[in-house]
Amino acid sequence: MRNSQPDPRTSGQLRVDLGDRSYDIHVSPGLLARADDLIAASAGPGPRFIVTHPTVDRLHGGALREGMGSSPCQTLHVPSGERQKSVRRAAALWGALLAAGADRGAVLIAFGGGVIGDLAGFVAATYMRGVPFVQVPTTLLAQVDSSVGGKVAVNIPGAKNLVGAFYQPRLVLADPTLLKTLRARDYRAGLGEVVKHGAIADADLFSWLEANTRPLARRHPPAISHVVRRSCAIKADVVRADERESGLRAILNFGHTVGHALETTAGYGVLRHGEAVAIGMVAAARIAGLLGTCPPHVADRLVALLDALRLPTRIAHMPLSRILSAMRSDKKTLRGIPRFVLPREIGVVQPGCEVPAHIVETALLQLGAST
Ligand SMILES: NC(=O)c1ccc[n+]([C@@H]2O[C@H](COP(=O)([O-])OP(=O)(O)OC[C@H]3O[C@@H](n4cnc5c(N)ncnc54)[C@H](O)[C@@H]3O)[C@@H](O)[C@H]2O)c1
Ligand SMILES: [Zn+2]
């Protein structure tokens, strides 16, 4: 994969090259102070609509509005929680935009975690067949993952992210200082996706994480900036090579085949997404170990790193049969046969792997699934 320009290790600015859908990702502390100019330059001069949760607004909305200067701006509140990623909530936002007289020049600003990003992005993709939108992610998961790549969606009963689009933002503004107020569990869950990025594409990042678990646990701003930049650079490279997930982009699903099944089995909200992905990555590494396609030290290093970051690595209180049936009914499953992204070594994975059922069962039982 090509490296993003300029060098993402040192620069706070990256570009996702997608022809006329290209956009910049800015990662730096205090960035919101420059929001007005950055948004005007990338999304146009139209009236701005900030979509956010009341809590995020209370904590950080002032800084964002201050950064917007005198530009016209309204705030639309959405309660917290995965349930808000719904057609009903999207319809309420379409209605609020219409009532406010928003036309095709209106700029939607997603100011929150992945729930707000996916929901506001979906509304932006559909309102008047598409209005510009800007991601200002406020959770670690959103800064390292969901705000980049243009997947937007809502859930329908029984099917997460089933209704959506590929719709790229015009700009991503990631300010690591916003993460100071995040609940500890939400912060840690975001680290799960950072570990994933190292495991799929960047052995140096993985080693860096192994050596820096303490500054990360303390939310040391330079440590957070580093992982957000590296993660965005990796995701930008993958998305550039395969915007609509027809091939390479599937590597981003490392840990997600089992992870999604665990989220469904536990009941949404019980396991954080990043926690489920952490266990799912260990499962994939154990499966690859059982198949003999990956040395055992890969799973051992994953477990040690995830343990040090206080992320779960074992399945607790979940029957094997329910996990397997959730995996078969996942929307990414072809003809009821789950596909896995399997590690070959740290930093290299193989997508699209079919795995014999008895191997999957053995790995899940080894990880603690009950019979
Ligand atoms: N589009 C994609 O590519 C993609 C990728 C991964 C995940 N996702 C989606 O992301 C969602 C999960 O996102 P999430 O983990 O960010 O959860 P979230 O958006 O629900 O945010 C978690 C909690 O943190 C609070 N919060 C947000 N920012 C805060 C801050 N700075 N300080 C204090 N509290 C804050 C929120 O109010 C919420 O209660 C899921 O719906 C998932 O499907 C999408
Ligand atoms: Zn994920």
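In this structure, the separation between CD1 on I279 and CD on E263 is 10.0 Å, given to the nearest 0.5 Å. In this structure, OG on S207 lies 10.5 Å from CG on N212, to the nearest 0.5 angstrom. One finds the CG atom of L216 at 6.5 Å from the CG atom of L309 (value rounded to the nearest 0.5 Å). Once rounded to the nearest 0.5 Å, the distance linking OG1 of T213 with CZ of R218 reads 9.5 Å. To the nearest 0.5 Å, atom CG of residue D24 and atom CG of residue L173 are 9.5 Å apart. Distance CG/L205 to NE2/H226: 6.0 Å, rounded to 0.5 Å.
A 6.0 Å sphere centred on CZ of R185 holds more than 12 heavy atoms belonging to other residues, nucleotides or ligands. No more than 12 heavy-atom neighbours from other residues, nucleotides or ligands sit within 6.0 angstrom of CZ on R310.
Hydrophobic clustering keeps I50 apart from V123 (ILVMFWY residues linked when any side-chain heavy atoms are closer than 4.5 Å, directly or through intermediates). Under the 4.5 Å side-chain heavy-atom criterion for ILVMFWY residues, a single connected hydrophobic cluster contains both V303 and L191. The hydrophobic cluster containing L119 also contains I156, counting ILVMFWY residues as joined when their side-chain heavy atoms lie under 4.5 angstrom apart, directly or transitively. L141 and V115 are not part of a single hydrophobic cluster, where members link through side-chain heavy atoms under 4.5 Å apart. Following chains of ILVMFWY side-chain contacts shorter than 4.5 Å, one cannot reach M68 starting from L76, and the two form parts of different hydrophobic clusters.
Cation-pi geometry between R219 and Y187 is met: the NZ or CZ atom falls under 6.0 Å from the ring centre, inside 45° of the normal.
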>> One pair to check against side chain to side chain contact (heavy atoms under 4.5 Å, CB included): F49 and V131. What are the steps and the verdict?
In response: CA-CA 11 Å; F49 293 87; V131 295; over 6 Å; no

> What do the steps show when you test V355 against L342 for side chain to side chain contact (heavy atoms under 4.5 Å, CB included), and what is the final call?
Replying inline: CA-CA 10 Å; V355 178; L342 296 181; 4.1 Å; yes

> Run the side chain to side chain contact (heavy atoms under 4.5 Å, CB included) check on T138 and V56 step by step: do they pass?
Replying inline: CA-CA 8 Å; T138 66; V56 175; 4.0 Å; yes

> When you look at L93 and L108, which way does the side chain to side chain contact (heavy atoms under 4.5 Å, CB included) test go after all the steps?
Replying inline: CA-CA 11 Å; L93 290 170; L108 257 64; over 6 Å; no

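Salt-bridge annotation for D300 and R286: present, with a side-chain N of the basic residue lying under 4.0 Å from a carboxylate O of the acidic one. For the pair D57 and R65, the salt-bridge criterion is met [side-chain N within less than 4.0 Å of a carboxylate O].
For the residue pair L367 and T313, the shortest heavy atom distance occurs at CD2-O, 3.8 Å. Here the closest non-hydrogen pair linking F254 and P343 is CE1-CD, 3.7 Å. The heavy-atom pair separating W94 from F122 by the smallest distance is CZ2-CE2, 3.9 Å. Between L140 and L179, the shortest heavy-atom distance links the atoms N-CD2, 3.5 Å. In terms of heavy-atom proximity, V107 sits nearest to G44 at CG2-O, 4.2 Å. For the pair H53 and G81, the tightest heavy-atom approach, listed with the atom from each and the gap, is CE1-N, 4.4 Å.
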Compile the donor-acceptor pairs under 3.5 Å between side chains in residues 27-38 and protein atoms, sequence neighbours left out, one pair per line.
| residue | atom | partner | partner atom | Å |
| --- | --- | --- | --- | --- |
| D36 | OD1 | R48 | NH1 | 2.6 |
| D36 | OD1 | R48 | NH2 | 3.1 |
| D36 | OD1 | S71 | OG | 2.7 |

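Looking only at distances, a side-chain donor or acceptor of R249 sits under 3.5 Å from a matching main-chain atom of E243. Side chain of E275 to backbone of L311: no donor-acceptor contact under 3.5 angstrom is found. Panel note: side chain R314, backbone Q366; a donor-acceptor pair is recorded below 3.5 Å. Put simply, the side chain of K196 gets close to the backbone of L252: a donor and an acceptor are under 3.5 Å apart. Distance alone, capped at 3.5 Å, is enough to place a donor-acceptor pair between the Q143 side chain and the P137 backbone. At distances below 3.5 Å, at least one donor-acceptor pair connects side-chain atoms of Y127 with backbone N or O atoms of A102. With hydrogens and angles disregarded, a donor-acceptor distance shorter than 3.5 Å links the side chain of D242 to the backbone of G247. One N or O on the side chain of T257 and one on the backbone of R339 form a donor-acceptor pair closer than 3.5 Å.
The closest side-chain heavy-atom distance from L178 to F111 is below 4.5 Å. Contact of the D17 side chain with the S22 side chain is registered, since non-hydrogen atoms from C-beta on lie closer than 4.5 Å. Under the 4.5 Å side-chain criterion, counting only non-hydrogen atoms from C-beta, D202 is not in contact with W208. Side chains of T52 and H77 form a contact here, defined as non-hydrogen atoms less than 4.5 Å apart. When side chains are defined from C-beta on, M327 counts as touching L364, because their heavy atoms get closer than 4.5 Å. Two residues are said to be in side-chain contact when any heavy atoms from C-beta on lie closer than 4.5 Å; D330 and P338 fail this criterion. Using a 4.5 Å heavy-atom threshold, the side chains of H260 and H273 count as touching. Inter-residue side-chain proximity for H26 and L171 is flagged as met; some heavy-atom pair is nearer than 4.5 Å.
Counting only residues at least two apart or on different chains, the side-chain hydrogen bond (donor to acceptor under 3.5 Å, both in side chains) pairs with a member in residues 145-158 are E82-N155, D145-K235, K151-E245.
In this structure, H197 has no ring-ring contact (aromatic ring centres under 6.0 Å, His included) partners at least two apart in sequence or on a different chain.
H60 and T181 form a side-chain donor-acceptor contact under 3.5 Å, judged by distance and modelled atom types alone.
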